Amino acid sequence: MKTAVCIKQVVTRDWPLRPAESATWVRDDDASFEMNEPDAYALEEALRLKERHGGEVVVCSAGPARISQVIREALARGADRAIHVESDALSAAGADAVAAALAAAMQDESFDLVLTGLQSDDQGFGQTGVVLAERLGLPHATIIMEVDIAADGAGLRVKRELESGWFQWVAMPLPALLTIQSGINQLRYATLRGIMAAKRKEIRTVPLDGVASQGQRILELYVPEKTSATRFIDGSAPEAARELVRLLREEARVL
Amino acid sequence: MAVPDVELHQDLRSAVGELCRRFPDNYWRDLDRKEAYPDEFVQTLTEAGYLAALIPEQYGGSGLGITEAAIILEEVNRSGGNSAACHAQMYIMGTLLRHGSEAQKRAYLPRIASGELRLQAFGVTEPTTGTDTTQLQTMAVRNGDLYVVNGQKVWISRAEYSDLMLLIARTTPREEVAKKTDGLSVFLVDLRTAVGNGVTIRPLRAMMNHATTEVFFDNLEVPAENRIGEEGRGFRYLLDGLNAERILIAAECVGDGRWFIERAVKYANERVVFNRPIGKNQGVQFPIARAHVNVEAADLMRARAAELFDGGQPCGAEANMAKLLAADASWEAANVALQTFGGFGFAEDYDIERKFRETRLYQVAPISTNLILSYIAEHVLGLPRSF
């Protein structure tokens, strides 16, 4: 089985976030970066599937030169080779641009299974996997908690997480794309032997085909202003209670 | 000189950092309270191969240099952990690697690399002889195919958690050798069979959780085939492993220093007193800034020493200077962090006091600061020997 895992490099969790001058992204020129956490679980799932069913795990990522750090990390953990769509234009690109760039580079590989993280820790749109499935012409399922491939390799059953503790099992044909939920497995460590072996693995760098898609872009990014205002609600107790509930629901949106 | 592999170094830092994040502050704090050995951490680090960094590939290790080994230990300490629990597994095998027979290397190194065997205890110091090693009293007397060992060692770290111990003992009495550095030999003692059969280990409770012990030898029989190298040349074998140890300890101090500074900066930015973060006060921020400067300067000397070591160049002066500078810098950073945290620094829950106790050791061990100064004075500057 030939599995692709799409990974993204994001700013580390403890990095103090400040909007960049452009006000469309955070200041990240001197940031430290790490692998997007849901993608790490997708990679782990791919490695486990390979251990059970054999085949190859190919890491695919789109972004500037700096993302080679997380690509090497994925190779050190056990992926076999990598495809890096390299372009500075993709450094803070939205889901549409990234999915388009990845799809172009992955099209000819004919993967049996494509895994992505459910969402990214930075933008959090949760769209890259879904748009990528559409561009590759693959059926997809999201928020996956468990992956069960049929013995004959013809199809798979996946467990999706729904709201309120509910789950759903879905049968799907292969090839397919799945977006993986964090925490579905126990992540492995990169071993020293893995780090050394990664140095000899192939990273195929491909340029971005054309310009980055502008189908979706961030117009403005800002830190919400903190305000503290007190409002008195007049009227009888039942009326005031009704009004309070309405305000909490419609204005404060906490209910 | 080899060009440093920047990518490899970045990958090592990131991977070791990731592994260490799974052993957070409370893991080390609980062990400290119980004076317990970090079994799970050491096992994990071993299985991931990091402690075999210096063992050549042909014997199952990764064949990396001291530069890379130093990065691994630095990251452990920088994460809030303590490499002292296992750093010796990395470098004690160096004596075996450099002076052991091919048969000994094949018998032991692959199993040390895999972690099946732990060789992380080194029996040197004795109650009556500290750094003046040639005065040591423990005797190994040849008797056919055996040596019979009698004597006592002290401050032997990790002996209870080691399968093998490297032991230095006198094989020819001092009165019978021309030079006092002659007549010492190095042995590999299999503690798995020796304990209860000539070896007794007694734990010593110390200021921090360090698994240190006293070891007694009472007619311990060591097969002659377990002697490493030639009889009587053990002191030279001991000396040529010291530079590696100095550089690695310096790296741990740099890791400690960076940890203290990171914590101090965070606390100084967050702690508000008199309606402003305490870090706004120059009295608070300047000592942190100075400590940072000193840690980074020490790191440069550590890097220089490691570069020389890996290039096969003499590096005694640089390795010793790196150890002194780094130990001083981490101790300064520890004091600054404690001062910044104020009363909370003394609370166990903040981990400052634990790391403070841990990093204090490096003013004294494995060599005291004064001994480094006398080495520099005599051997680098050409001043008269002071003792």
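Not measured: the values here are computed from a predicted model. Chain letters run A, B, ... following the sequence lines, proteins first, then strands; residues in each count from 1.
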Is there a side-chain contact between [X] and [Y], using heavy atoms and a 4.5 Å cut-off?
X: B/L12; Y: A/L192; answer: yes
X: B/S14; Y: A/E34; answer: no
X: B/Q10; Y: A/E73; answer: no

Got a sec: does the [atom1] of [X] have more than 12 other heavy atoms crowding it under 6.0 Å?
X: B/N269; atom1: CG; result: yes
X: A/R81; atom1: CZ; result: yes
X: A/Q186; atom1: CD; result: no
X: A/D30; atom1: CG; result: yes
X: B/F344; atom1: CZ; result: no
X: A/E51; atom1: CD; result: yes

Check: Which value, rounded to the nearest 0.5 Å, describes the distance between B/E7 atom CD and A/I195 atom CD1?
Finding: 12.0 Å
Item checked: Distance in Å, A/Y189 OH paired with B/R22 CZ, rounded so as to fall on 0.5 Å steps -> 4.5 Å
Next item on the list: Could you walk me through whether A/R77 and B/E18 pass the side-chain contact (heavy atoms from CB on, under 4.5 Å) test, one step at a time?
Entry: CA-CA 12 Å; A/R77 289 189 191 209; B/E18 172 79 27; 3.7 Å; yes
Margin query: I'd like to verify something: which residue of A/R193, A/R72, A/M196 has the highest number of heavy-atom pairs under 4.5 Å with chain B?
Written below: A/R72
Notebook entry, point to check: For A/K199 and B/D5, what are the C-alpha separation, side-chain angles and deciding distance, and is it a salt bridge (charged side-chain N to carboxylate O under 4.0 Å, His left out)?
Noted result: CA-CA 11 Å; A/K199 292 163 78 69; B/D5 188 339; 2.3 Å; yes
Check: Out of B/L8, B/L45, B/D11, which one racks up the most heavy-atom pairs below 4.5 Å with chain A?
Finding: B/D11
